[in-house]
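The structure under discussion appears below in the form of structure tokens.
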Amino acid sequence: SPLNKIPGPWHAKFTSLVLKWHEFRTNRTRYIHDLHLKYGPAVRIAPHEVVFASAAAVKEIYCSGGSGYDKTEFYDMFKVYGRRTMFTTLNKDDHAKRKRILADRYANTNIVRPPSLDGIAERASNFVKRCLHSYAFDCVTHHLFHPHGTDSLLSSKDEEIMLEVTFDDSLQNRLFQYYWPTAHKIFGKILYLFAKPRETPLADNFVLDTCAQTDPSPFTLLNRLQGPNFHLDKLDIAAECLDHMAAGIDTTGDALCFLMWELSQPSSIHYQRKLQAELLAHPASSFDKLRYLDAVVMEGLRCFPAIPMSLPRYVPPGGRTIDGFFLPQGTTVSCQAYSVQRIDRSVFPDPDAFWPERWLENKGDAERKRLFFAFANGGRGCVGKHLALAEMKTLLQAVYSRFTTLPDATMTPRDMEMSDQLISSRPEGQKCLLRFVPMEAAAGK
Ligand code: HEM
């Protein structure tokens with residue numbers, strides 16, 4: 001096999017079992033990162049699977065021809081109500097058709113208009129009453145369904161829907177079904193005792209009911225999908241909306257969670273102080289005009305990308321050469337943000353250190369941006385990127401204009417370790433408790 005020339009552990013030539021073992025133990029990202037540190041930016045991790053961590057590989061796999069290579073059947077695990085959504089379409093043509101319908105709803109010009117942005121700002125001011133995932137949930141449903149969005153920051157009925165999606169523990173069951181579908185059919189009921197399938201009835205029903213509404217605001221996704229020209233049936237519309245709702249909760253919620261945890265650590269408190277100083281000096285500034293806030297968010301997404309894991313694609317017919325290695329057609333290739341954003345120390349010196357100032361230097365700016373992969377890249381990169389950035393910056397602005405955050409004494413370092421899910425990661429302890437000290441009180445201490 002031409003893959004024999006690619007560095008990697010000896011067992012990767014014969015079996016993917018070691019890789020699967022790490023996936024089931026929620027540890028794929030770190031396992032692959034350790035292999036990159038040992039073998040370099042191209043590593044064979046299974047008989048037909050290779051991972052890369054270079055800017056050239058990102059460009060080739062995710063951007064060539066606009067949308068990069070086709071997705072693998074890994075994405076079948078994310079079908080919604082049995083339907084394919086934009087995220088789960090495998091080939092370019094199906095993807096382009098769906099994207100043409102809805103992309104304008106996520107354009108920055110649509111996000112920063114008052115009806116959309118006002119909803120985010122209102123939720124940011126309510127945030128301290130509940131939690132980050134409630135905030136992300138309410139913001140995304142505002143954008144998808146307004147005036148039929150949720151209010152989980154204030155209503156416990158809506159909060160239950162958010163908890164159902166966020167505390168999903170179906171990783172092992174879904175991986176088992178993906179790798180061994182026949183065994184899953186036979187032993188599914190026994191497996192249920194140890195590993196629960198994904199069940200989100202509250203969220204499923206909420207989206208089905210909401211999509212039956214006929215008066216969503218013009219800036220919403222639902223309004224767009226219901227348009228007369230698109231001929232999407234009711235289940236397709238609901239599937240697309242549920243997919244975006246799920247995509248918008250844990251990603252933004254966990255990205256904020258890891259970032260605010262980091263800002264609250266004694267080692268990073270001086271960064272928090274600098275952020276507060278910028279916000280106090282420019283109280284009327286829009287979130288997208290604040291340079292230090294931008295640097296803090298970029299560094300947060302670099303160190304703690306909410307989707308740190310490989311995004312698998314197939315090498316197209318005829319094969320391709322990536323980073324000097326020829327790969328036959330059908331080989332699974334991918335990059336993971338966790339490694340792409342760390343591996344090149346000439347671009348990111350001291351890569352494990354949280355250091356927002358690196359984003360303020362002019363020198364190396366283009367290289368850093370080329371290796372920034374938290375939202376992926378190319379035509380299949382994150383369509384919700386502008387919404388996510390608006391949510392993150394609005395919330396940080398609201399919090400750090402008024403409060404100092406400190407870690408709660410009951411938290412342990414293990415609680416905040418990265419725990420891989422199917423594609424995103426979350427804190428191992430599934431909690432991140434912070435103390436909010438009003439700024440005047442913090443200054444008096
Ligand atoms: C910090 C927050 C977020 C991060 C880090 C993030 C990251 C990503 C990444 C890496 C992908 C590519 C996945 C792949 O190729 O398998 C993606 C795709 C996607 N994201 Fe996000 N995301 C975030 C927030 C959001 C939000 C708020 C939404 C909105 C509703 C959203 C909706 C989507 C959708 C629909 C796709 C599929 C795009 C396509 O296939 O064309 N994301 N996101």
Side-chain angles (χ1 to χ4, degrees), residues 29 58 61-63 66-78 80 84-92 94-103 105-107 110-111 116 120 132-133 135-145 149 207 220-222 224-225 239-259 297-298 300-313 333-338 340-341 372-396 422-426:
T29 307
V58 165
I61 298 170
Y62 299 97
C63 307
S67 298
Y69 301 173
D70 285 350
K71 287 187 167 178
T72 70
E73 288 77 16
F74 167 78
Y75 290 89
D76 288 356
M77 280 192 284
F78 299 92
V80 185
R84 281 204 192 279
T85 59
M86 175 167 76
F87 175 59
T88 52
T89 49
L90 302 185
N91 69 64
K92 282 191 201 33
D94 292 341
H95 175 259
K97 269 187 223 148
R98 186 57 67 90
K99 189 163 181 180
R100 263 197 296 279
I101 298 177
L102 56 82
R105 287 302 182 266
Y106 289 104
N110 193 45
I111 304 291
S116 172
I120 295 178
L132 289 167
H133 289 71
Y135 169 72
F137 177 43
D138 291 350
C139 286
V140 75
T141 56
H142 170 73
H143 195 75
L144 299 176
F145 305 129
V207 172
T220 60
L221 180 70
L222 182 58
R224 180 73 174 168
L225 295 177
E240 197 63 60
C241 288
L242 181 52
D243 199 29
H244 292 219
M245 187 175 105
I249 302 176
D250 291 349
T251 48
T252 318
D254 284 325
L256 277 167
C257 174
F258 281 109
L259 172 53
V297 169
M298 291 297 282
L301 288 167
R302 185 191 73 82
C303 291
F304 319 108
I307 299 190
M309 303 176 64
S310 311
L311 312 173
R313 306 290 193 259
V333 288
S334 63
C335 297
Q336 61 173 23
Y338 188 85
V340 170
Q341 299 180 162
F372 184 74
F373 194 56
F375 291 110
N377 241 332
R380 304 213 63 164
C382 181
V383 78
K385 173 181 165 175
H386 296 300
L387 178 63
L389 289 173
E391 287 178 29
M392 290 181 74
K393 290 183 178 180
T394 307
L395 184 111
L396 295 173
L422 273 188
I423 191 168
S424 58
S425 74
R426 67 186 182 198

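Both ligands and their constituent atoms are indexed starting at 1 by order of listing. Hydrogens, waters and symmetry mates are skipped; everything else that's a heavy atom, side chains included, is used.
In summary, the atoms of ligand 1 found under 4.0 Å from a heavy atom of A376, numbered by their order in the structure, are 10 (C), 12 (C). Heavy-atom proximity to G381, at under 4.0 Å, picks out these atoms of ligand 1: 38 (C).
Using a 4.0 Å cut-off between heavy atoms, F373 makes no contact with ligand 1 at all. Contact annotation: for L311 versus ligand 1, heavy atoms closer than 4.0 Å belong to the side chain alone. Neither the backbone nor the side chain of M245 comes within 4.0 Å of ligand 1, counting heavy atoms alone. Under 4.0 angstrom from ligand 1, the non-hydrogen atoms of V140 all belong to its side chain. Neither the backbone nor the side chain of L144 comes within 4.0 Å of ligand 1, counting heavy atoms alone.
Residue contacts with ligand 1: Y62 is excluded, as none of its non-hydrogen atoms falls under 4.0 Å. Assignment of H95 to the shell around ligand 1 is supported, since a heavy atom sits closer than 4.0 Å. Assignment of D243 to the shell around ligand 1 is not supported, since no heavy atom sits closer than 4.0 Å.
A side-chain N or O of D243 and one of T85 form a donor-acceptor pair less than 3.5 Å apart.
Of the candidates A374, P312, C382, it is A374 that places a heavy atom closest to atom 10 (C) of ligand 1. Heavy-atom proximity to atom 15 (O) of ligand 1, evaluated over R313, M392, K99, is greatest for R313.
The single protein non-hydrogen atom nearest to atom 32 (C) of ligand 1 is A247 CB, 3.6 Å, given as residue, atom name and distance. Atom 4 (C) of ligand 1 has F375 CE2, 3.5 Å as its closest protein atom, hydrogens excluded (heavy atom only). Shortest contact from atom 9 (C) of ligand 1 to any protein heavy atom: I307 CD1, 3.8 Å. Looking at atom 24 (C) of ligand 1, its nearest protein heavy atom turns out to be T251 OG1, 3.3 Å.
With rounding to the nearest 0.5 Å, the separation of CZ in F87 from NE2 in H244 is 10.0 Å. Once rounded to the nearest 0.5 Å, the distance linking CD of Q341 with SG of C303 reads 8.5 Å. Rounding to the nearest 0.5 Å places CE of M392 at 12.0 Å from CG of L387. Residue I61 holds its CD1 atom at 6.0 Å from OH of Y69, rounded to the nearest 0.5 Å. Put simply, CZ on F78 and CZ on R84 are 12.0 Å apart, with the number rounded to the nearest 0.5 Å. Distance check: I307 CD1 to F373 CZ gives 10.0 Å after rounding to the nearest 0.5 Å.
Residues M77 and F74 meet the side-chain proximity criterion, which asks for heavy atoms closer than 4.5 Å. Between F304 and S425 the shortest side-chain heavy-atom distance does not fall below 4.5 Å. A heavy-atom distance below 4.5 Å is found between the side chains of N110 and H143.
Put simply, the residue from K92, R380, H95 that forms a side chain to side chain contact (heavy atoms under 4.5 Å, CB included) with D70 is K92.
Of the N or O atoms in H244, none lie within a sub-3.5 Å distance of an N or O in ligand 1.
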